[in-house]
Amino acid sequence: MKVLVLGGTTEATALAGLIAGDDRFDGILSLAGATRSPRQSPLSTRIGGFGGPTGLAAYLIDRQIDVLVDATHPFAAQMSVNATAAVAQSGTPLVVIERPPWEPVPGDRWTRVPDIQGAVKALGSARQSVFLTTGRKELAPFARAPQHAYLIRSVDPPAPENLPPDATVITARGPFNEAEEAALMKEHKITVLVSKNSGGEAAAPKLSAARTLHIPVVMIDRPNTGSGPTLSVNEAMDHLARRHAETALRGV
Ligand code: NAP
C-alpha cells in the first residue's frame, strides 16, 4: 500500500520509522525543505512544495498514492488546508496526525493569544527580556516592537533583515531538558517566554522551566486548519493496517 507522509515533525519521523520497517507499506516522506539539514529518514524522501492543492492532487494521482497522512506541525496551516483540498480532488483517503496542545497547570502564568501579532501586543510597551521560541520565519512582527531585548532560538539562523535591533540568536536543535532551559533563561535574565502551543514532550521543558522560575508565558494558540478528527502515531498505524487488510480482502 502506497503511503505519502507529509512530515517535518517528531510524529512524522516516528511514523516513517514504523512504515519503513513494515513490508505491507511502501512509504514516501515529504518535507517542505524548511531546515537545511533535516533528520535522516529510513523512508524514501522528497523535498519541496507540490505547487498548492492542485499540484499535490496531481502527485497523489500520478504516484497512485493509496493513503495521504498529514503529519505536519500544528502551525503548518497552509499545508494542512492544501492536503484537505487535494484529497477532495484526487479522492485519496486522508489521515491526520496531531499531538494534543499543551494545557496550563498550577503555577503557570500564561497569556493566551491567537497569533504572532497578538504575542507582540501582549509583550506590552515596557522593555522586556524575551525568550522567543516561535521559529525563524515569523520574526518581522517582533522587529516592530524594538523596545524589547530578544533571545531567539531556531534550528537554522534567521534572515538578518527580520531581526529586532536588540537580538541574540542561538541556533540549536532540541530537545533541551528543564535544567538546560532554566540555565539559559537565568543567564539571559529572561522576563517572558513566547511560545507556539505546539504540544508534545520534546519542547515542553521550556514551560516547566518558566513555571519553576515564575516567568510568564505568552502562548500562541493553534490556527484552525479545518482538518477533521486527528489521530496519534499508533492510531494512524492501526488505521493503515486496517486499510491494508480491507484492501487485501477485496483482492485489490
Ligand atoms: P505551511 O506554511 O503550512 O506550508 C507552506 C508551503 O510549504 C505549503 O503550501 C507547501 O508548498 C510547502 N510544504 C509545507 N509542508 C510541506 C511538506 N511536508 N512537504 C512538502 N511541502 C510542504 O508550512 P510551514 O509552517 O512553513 O512549515 C513547513 C514545514 O516545517 C512543515 O512540513 C511542518 O511540518 C514543519 N514545521 C513547521 C513548524 C511551524 O511552526 N510552522 C514547526 C516545526 C516544523 P506547496 O503549496 O507548494 O505544496
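Computed over heavy atoms, backbone and side chain alike; hydrogens, waters and symmetry mates excluded. Atoms within a ligand are numbered from 1 in the order they appear, just like the ligands themselves.
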Just checking Lys2: does its NZ atom have more than 12 heavy atoms from other residues, nucleotides or ligands closer to it than 6.0 angstrom? yes
Mutual orientation of the aromatic rings belonging to Tyr150 and His148 [parallel < 30°, tilted 30-60°, perpendicular > 60°]: perpendicular
Side-chain donor or acceptor of Asn197 paired with backbone N/O of Trp102 under 3.5 Å: yes
Pocket residues around ligand 1 (non-hydrogen, under 4.0 Å) come out as Leu6, Gly7, Gly8, Thr9, Ser30, Leu31, Ala32, Arg46, Gly48, Gly49, Phe50, Gly51, Gly52, Thr72, His73, Phe75, Ala76, Ala77, Gln78, Met79, Asn82, Lys137, Lys196
With sequence neighbours excluded, give me every side-chain hydrogen bond (donor to acceptor under 3.5 Å, both in side chains) pair touching residues 179-190. Arg153-Glu181
Ring-face cation of Arg46 near Phe50 (centre distance under 6.0 Å, axis angle within 45°): yes
Taking the side chain as everything from C-beta on, heavy atoms only, tell me whether Leu123 gets closer than 4.5 Å to Val130. yes
